[in-house]
Amino acid sequence: MKYYSTNKKAPWATLEEAVVKGLAADKGLYMPEVIKPLPSSFFEEIEKMSFQEIACRVADAFFGEDVPAETLKQIVYDTLSFDAPVVQVKDNVYALELFHGPTLAFKDVGGRFMARLLGYFIRKEGKNQVNVLVATSGDTGSAVANGFLGVEGIHVYVLYPKGKVSEIQEKQFTTLGQNITAIEVDGTFDDCQALVKNAFMDKELNEHMQLTSANSINVARFLPQAFYYFYAYAQMKKIGKADNLVICVPSGNFGNITAGLFGKRMGLPVKRFIAANNRNDIFYQYLKTGEYRPRPSVSTIANAMDVGDPSNFARILDLYEGSHDAIASEISGETYTDEQIRDTVQQVYEETGYLLDPHGACGYKALAQELKNDEYGVFLETAHPAKFLQTVEGIIGHEVKIPEKLQAFMRGEKQSVPMSKEFSAFKNYLLKQ
Ligand SMILES: *Cc1c(COP(=O)(O)O)cnc(C)c1O
């Protein structure tokens with residue numbers, strides 16, 4: 001399969017090039033040349049298949065031309081070593097729980113899949129060690145570090161701002177050891193990002209070691225997110241509730257929902273999608289006005305969605321050939337303030353006993369608001385509420401049980417390399433590795 005850039009000014013790439021590069025040379029996002037539809041026989045028996053079996057069929061449509069079937073199957077099974085159950089919350093509204101992976105958030109799937117696919121290309125080419133640099137303000141670092149943990153031939157350096165991530169977040173990437181090194185930068189998240197960018201541009205450093213990024217726009221992180229949507233449909237079909245299915249996605253960079261739109265192109269019978277925003281409602285405004293106006297993000301309690309210029313918007317535009325009408329006919333939008341998010345978490349908890357996290361709360365509310373009587377709805381619960389402990393406990397007024405997986409991180413011992421924000425210091429450190 002060939003991949004083209006959404007900016008159409010870069011050469012076409014192979015899957016391997018697209019995965020190693022991440023972003024195209026013209027700063028566009030890579031798109032597969034074709035999105036292959038899956039046969040109707042697949043959808044007829046999908047409810048009898050496991051998450052892994054479904055994902056293998058979807059992965060084959062994307063990557064089957066470039067990765068041998070046995071290898072791809074292995075990558076899928078290694079990635080999906082946990083479930084993503086659909087749970088009824090209220091009436092026709094169901095949650096697809098994407099928080100049963102190692103870091104209790106949906107980004108685990110993309111992180112794990114990318115690590116294994118990159119690992120395969122490294123072995124195949126007999127490449128020397130590849131070094132992944134990732135700057136994080138909290139959550140991306142944990143998903144990437146845990147995804148790449150133990151993958152041979154890859155070393156990951158996670159750069160994070162000292163004193164500016166929560167203890168739970170910090171523990172998720174500083175306690176791992178093995179091929180993961182946490183670098184604690186005496187500066188801000190922007191300083192961390194600047195160090196990473198400078199490293200990619202430094203000639204001497206790039207001659208010394210092979211560097212790459214595990215950015216969320218990478219096709220190997222982005223495409224596997226389509227697995228969820230097929231599995232959600234399968235579970236709803238199994239209970240006889242897949243007619244007029246509406247899927248609602250709490251969205252920030254819009255990678256997750258775009259993977260769902262790819263699923264629909266492949267024949268997945270989803271009637272329509274809803275993109276739920278927090279106050280960073282750039283996409284909502286685009287739907288209303290037809291104009292895309294990025295603006296600086298504002299902080300909210302659903303902070304993984306605090307994005308002022310969603311990178312995957314370029315992929316949505318490309319998918320619908322720039323037509324606002326076509327986009328608005330398949331996707332609607334909603335936007336919520338922190339106060340509305342808090343009220344939703346509290347109300348749903350009191351009425352049903354189901355505890356939403358702040359991101360899932362946006363998804364629930366948008367779905368509950370828009371769903372018609374003859375429709376069934378699934379929203380993506382993108383993270384476990386215990387990841388936002390203080391916020392959630394503050395809302396419901398009592399303690400939240402911390403899952404064992406999270407407690408295990410808390411018990412681990414933090415190990416980090418202290419670093420100044422000067423590039424020369426970071427460069428010298430890397431040159432010695
Ligand atoms: C990353 C993230 C989102 C937003 O996903 P996008 O693909 O960026 O739209 C939503 N919720 C949580 C918990 C996340 O970590």
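Order of listing sets the numbers, starting from 1, for every ligand and every atom in it.
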Is there a donor in the side chain of [X] and an acceptor in the side chain of [Y], or the other way round, less than 3.5 Å apart?
X: Q347; Y: D343; result: no
X: D26; Y: S5; result: yes
X: R221; Y: N218; result: no
X: D306; Y: N278; result: yes

Separation of H359 NE2 from F99 CZ (nearest 0.5 Å) =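 Rounded to the nearest 0.5 Å, the CZ-NE2 separation comes out at 13.5 Å.
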Proximal protein residues to ligand 1, non-hydrogen atoms under 4.0 angstrom | F106, K107, P250, S251, G252, N253, F254, G255, N256, A304, M305, H359, T382, A383
When F313 is tested against each of F254, Y286, Y320 for ring pair (Phe, Tyr, Trp, His ring centres under 6.0 Å), which residue passes?
-> Y286
